[in-house]
Amino acid sequence: KTLIFLSASPVSVNDFLQLGANGAEKVAKETGMDYKIYESSDPTVKLQNLEAAAEEADIVVAITYEYDEILPAVAAKHPDVQFLAVDSCPAESGANVHCAVFREYEANFLAGAEAALTSETGQVGAIGALDIPFIHRYTDAFLAGAKYAVPDIRTAPSLWIGGNNPFADPAKGQQRGTIMASGGTDRILAAASGSNGGIYRALGDFPGAAAFGVDINQCPQAPGLVMDNVEKMTDVAVENGVRGILSGDQPKVVTLGLAEGGMTLTSLKPGITDSGCLFEEHPDVIEKVAAIRDKVISGEVVVADPMAQ
Amino acid sequence: MSPILLAALAGSLCGRVGIFNIALEGQILVGAFASIAGSFYTGSALLGVLSGILVTALFSLILALGTTRFRGDSIVISVGMNLLASGLTAYLLRVLFDTAGTFSSPEIAEVKRIVIRAINTTPWIGWIFSRQTPITWAAWILTILVTLVMFRMPLGLRMRGVGQNPEAARTLGVNVERLQLWTVVAAGALTGLAGAQLSLGTVGIFAEDMSAGRGWIAVVAVMLARNHPAWAAFVCLVFAMADTASVQLQAQGLPNQLTDAVPYVITLAALVMGSLRNRKRRQAALA
Amino acid sequence: MMHRLALLRPHPVLMAILTGLVFGALLLLLSGQNPLRAYAEMVRGALAPRNWNNTLVWAVPMIGMTLVAALPLRGGMVNLGGDGQLVIGGFVAAMAAIYLPLPGPLLAAVAILSAMLAAGLYAALAALGQTVLGIPMLISSLLLSYPAIGLTSWAAGFPLRDTATGLAQTLPVPEAARLPMLFGPVSTGVVLMALVAAVVVWADRRSVPGYELRMRGLNARFARYGGVPTARQTVTVMFLSGALAGLTGAIIVLGTHYRFINGALVSPGYTWSGLMAALLAGGEPLMAIAAGFFFAALQTGGFAMQREIQVPRVLSMVLQAIIILFVSLRNGRGAARKEDRS
Amino acid sequence: MQWELETTGLTKRYGRLVANDAVDLRVAAGEVHAVMGENGAGKSTLMSMLYGLTRPDEGAILLRGQQVRLASSLDAIARGLGMVHQAFKLFEDLTVWENVVYGAEPRRFGFLDRRSACTRVQELAQRHHLAVDVRARVRDLSVGIRQRVEILKALYRDARILILDEPTAVLTPQERDGLFAIIRALRADGRTILFVTHKLHEVMELTDSVTVLRQGRVSARMRTAETDADAIIRAMTGRSVNLSVARSPATPGAEILRVEALRVPAPVRGAKPLVDDISLSLRAGEIVGIAGVAGNGQSELIEAITGLRAAEGRIHLNGQEISGRSVAARRAAGMAYVPEDRALTGTAAGARATEALLMGRQHDPAFARHGVQDGAAIAAHARDLIQAHDIRITSERTRVGTLSGGNLQKVVLARELDFDAPLLIAEQPTRGVDVGAIEAIHARLVAERDRGHGVLLVSAELSEILGLSDRILVIYEGRLIAELPGAEATEQHLGLLMAGRTQEVAR
Ligand SMILES: Nc1ncnc2c1ncn2[C@@H]1O[C@H](COP(=O)(O)OP(=O)(O)OP(=O)(O)O)[C@@H](O)[C@H]1O
Ligand SMILES: Nc1ncnc2c1ncn2[C@@H]1O[C@H](COP(=O)(O)OP(=O)(O)OP(=O)(O)O)[C@@H](O)[C@H]1O
Ligand SMILES: [Mg+2]
Ligand SMILES: [Mg+2]
């Protein structure tokens, strides 16, 4: 049997893609399947790769929203191939399409709370790669969490990287980071993928300032500058999804949030010691954040999905 | 803005000797890559910057030899170089560092920034003057230097002559091709420094296509300034202010898709206004 | 004399392609790959019957943007604003198709025509910048791209966004407005583009405007002297060039994506590849189309190569660049263009 | 005897063409030495080898008996050679002093020493009586002054031997006299001058000895004092040539062209208009010559009439008002135009003969219907013209860039005469064309007139103006300053007028 992992951009461009690929590779090895990655970088090639994968594989894992449009038609043409859409779900699709999507806003909400609780200046903010609804799931939820934890916290207007290369322009990240930090913001969510590095460098010039990374633990990348990370466990989603498909009991749609362990903060992961993150200096805050998480899980606190607005 | 400024200096040098260089974008990218790689392998920021300068100077030999020895068209060569830079850096990123997208590593030694404590956190002034790398300060010194060389030194006189009338320069014993070649290579070194500032100076990270249009802005500055280095620097300054202002506009809630276009729209507006002023003059020229 | 020499040279383009392949092979060896295997995958990925469709799908916009560049180039002008014109075309096509209350095929036709009109007018703006204000078209066309990209991307991201998805993209285009499929992923856009390409080639060789444009490209002063209205010609040619970009954008939107997706028209780099193909051919349409097709095959093959043996597909970019460089060095082209640029 | 400058067996080949064939040149110290020959005889080639711009294939160059290798003009300059080229080689945007010191700049601490550069150039100019404002920009200078700048450049580099390639071609007789005074002073200063020219009387007036080239070979070497014009012509051409055109008096008819108050403003604010309030009239069956030193507005006047340049004022052609109309409309109203530069304006090097010969008639129903070209008709038309005008060309599909200058001029003439337009504007129609071809072109122009067409002739060649014009208009600094009947004009008289010296003429 063959498992093919489809990514709309090179996996190493984005940490959560890499994570997903790792998960796919792991589960393929475990279950004795052949494993391949098809990377694209363009909508047309994406379709070509999807079709080539459907021809060849038994299970196709397609990651990110970018496959929403084209997956249903291709899946319909290949009824014996099973598809797993990770991170997003096509609107209407056949029985051979399964989805694993995330409630990113839940974890970002917690990060915002943590930011507000640790902020010394009393001001937090968020920098996103692009001003698109999907990224508001990060930025808006972050600010909402801050307000929830510390009602009189000030929030800076969100800034965006933009330009020719929003997901990989660290220099612009540095500029945005500097501008936001100079304005007195000392906790900043960096939701800009490859541009994040620049945001971290900027904070190096502002003693006491710290950033929140996304997707994986980014603390080692900028020691002493990252407070915590909003982790998106795409590897878990892929592994569980593939196993479920193999055993035949994978539901049509799985949404993964705090409750399912699909989204988390680095600080809330069990057994974390050597994270390199700043949160380790604030065990009291982490306790409070953990309490908020429990409330979110229990439904006592409802986090709004910014994309649904 | 110093990467753009350095690239604009390079562009005006090339323009003065009659070579239209629109490969600045690619040259910056090569410089950014080479200096990161140099810094990574040597562990020294200085060596990293030097390797950025050296490699980009070598890279610019394509344009230098292409337009002089092989009499190719500078636009075609430049477009080819831009593509080559983009492809080659991405390819080498995979081959050398086994990664795609961005490359960062603790082993990359960054250029230290000069922090002026007193104004460090002051808005505007702090953003502008504090936390600048030596490269940025060098860029301004180089602007003065290039302007001096261009208008106060025999070398500059020769360069201006070569751009205006290569045939005349040749009869006076100036080796036109050699002067053009070295000017383009020197300009390549400047863009290498620009790339070093972009990657090593600002963030210590290399990202694919991280030049992100900065070379094109430099081209525009050079054209607006008609190859005058000091004016090009002025245009860069205006552009940088427009860019910073556009971030402020973002903070006011304007979507980034619109604010991104602000510097270009301002440039266009400046062009239109400038030519409206000169319009009468031109009407006398060929209809 | 010079011309005679150029004719005697043995297939400079072929030599350049060979040199490019040799360089590419060296790069492949450097990274521990087998060049023969890689090239074989590339050829298979581009030309094998199974993949032929993919190449075709890629070639349609590629050739469209090649013509966009070639048309002005034929007259010694450069249009660097293809990206802006392309997104305007794609955006207007999507808007017309989504919001105009027209029946079936008429809707598609109106969408395409309005895309061509809008993009053409936008390109003509750059031409007017040159003829009326004296702003070099090279620079005005490039600068005009940014607001076009910004505006459409904002519109797709905010007021006109399809709120059912998390993306900056418009609503889907109604079924009726979509270009019918021919086979596989190949839509009737292929036919449309082939027709347009044929018209361009024919007009270049047989029509009076084609003659006037060619003469202008050879010597702008001569054309003016002979009564060619060069200012009006500049505007017309840029309008047509922009209209072709608009058509390309419309074909992508109505034939492939079925909506306007932010970034999807610009990110494949059709504009720059097309410009290179056109430069490679010195603006001669038939050669340019061949070059565009060649690049499309190269790029499609590159993707397949990456898929099959994980060789980074940026290698095909490198190949393209090296071929371009060698052709330009060997031909020393562009002497005619210097006239207009000064 | 020790020669100041000597060449032995100097040979230069361009492919199969031998531009210089074993040339032995001998120039004595302190003399003015003329080099003569027809177009293409190899004069410029010889001079550029002497100045190190072109490397000889064979032979040697000797300076004061020493053989020298001149790898570049730098070598030549270092050995005391200076050259003023047929086409000036100046930097238009730079000042006079910058042009002069270029490549050998005085320095102070590595910087350009502008003050000492200015004073040195100023002193040099005064010493040699070359009046020129050293701080002026070259673009603002007249041709005569530019030539002085060129001479200054050579003197600044302390040239002992000065090469002047056709220096008088663009000068008025008065400017020419000024140049001759300068040359004599230089000779008195002990310098040697090599003087290339086509004009016999200049040779007789100024030079000490003459070397004549014919088809790349030295055909004669003589002392000026011991020879005469006829001998030189025979050495140049191998025959006697009569350049005067036989023609009957004009019979002017209806007015074809009327220009009223034509004005072309200057490209920079505040400067004088290029064409300043010019009115003129041309009748059927006459040739009107416009005489003037190059750069006095004649090119701009013609461009304004033909529609290539925007202008104020009114122009009537054939009774139709054409001011403000396009080039195409003006051509359609009955205008044919042989431009001054056949390669830069009159044709495109990359165009095939069919295409070059079609220009201007591309919309003619004979060649195109509804915008679609009739290839067969176009080719047939091209073949007809090639045959009728005896254009030496391989086929009608050949690109015209491969033609020699004379044949290229025939292409332009053939096309424009074929319009059969009532107005023919001919600008420098024989520039750089050899003697035989000149005779033929002059005959064509007269034939046009005799067919009842009006011919507007612009030429810097006084003999051409005098030989062909029924009426002569003199243009000076953008204005028409005199009109005189062709029969009454003399070279001396015209020369003064062209220099703007109207009072002296009146006296
Ligand atoms: N670079 C060149 N390549 C090929 N042929 C050349 C070149 N330069 C000169 N020739 C040819 O060599 C011959 C001699 O030319 P040259 O310019 O020396 O003549 P000339 O006597 O100066 O003529 P003119 O009176 O027109 O100035 C001509 O036939 C010319 O076409
Ligand atoms: N720079 C050059 N490179 C190559 N060939 C040249 C060059 N200059 C001149 N020739 C060739 O030399 C020959 C003579 O050219 P030139 O222009 O001197 O002729 P001409 O003496 O003006 O013409 P004609 O004898 O017809 O009046 C032509 O065949 C021309 O193609
Ligand atoms: Mg000649
Ligand atoms: Mg000559």
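Protein chains get the first letters and strands the later ones, always in sequence-line order, with residue 1 at the start of each.
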### Message
For B:F234, is the CZ atom crowded, meaning more than 12 foreign heavy atoms sit under 6.0 Å from it?
### Response
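Count not over threshold, so no.
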
### Task
Please check if atom NZ in A:K147 has more than 12 non-hydrogen atoms from other residues, nucleotides or ligands closer than 6.0 Å.
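For A:K147, atom NZ is crowded (more than 12 foreign heavy atoms under 6.0 Å).
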
### Query
What residue in A:I161, A:V11, A:L159 has the most heavy-atom pairs under 4.5 Å with chain B?
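Most heavy-atom pairs under 4.5 Å with chain B: A:L159.
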
Tell me, for [X] versus chain A, whether the close heavy atoms (under 4.5 Å) come from the side chain, the backbone, both or neither.
X	result
B:N256	both
B:E208	backbone
B:E110	side chain
B:P255	both
B:T99	both

#### Entry: Close contacts, residues 123-131 of chain A versus chain B, judged by heavy atoms under 4.5 Å
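A:L130, A:D131 fall under the 4.5 Å cut-off.
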
### Message
Do A:Q218 and A:Y200 pair up side chain to side chain, a donor and an acceptor below 3.5 Å, judged on atom types alone?
### Response
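Yes, side-chain donor-acceptor contact under 3.5 Å.
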
### Message
Among residues at least two apart in sequence or on other chains, which ones pass disulfide bond (SG atoms under 2.5 Å apart) with B:C236?
### Response
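Disulfide bond (SG atoms under 2.5 Å apart) check on B:C236 returns nothing, list empty.
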
### Message
Counting heavy-atom pairs closer than 4.5 Å to chain A, which one of B:D260, B:D243, B:D209 comes out on top?
### Response
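Ranked by contacts with chain A, first place is B:D260.
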
#### Entry: Proximity breakdown for A:Q175 and chain B, heavy-atom pairs closer than 4.5 Å
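A:Q175 touches chain B through side-chain heavy atoms alone.
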
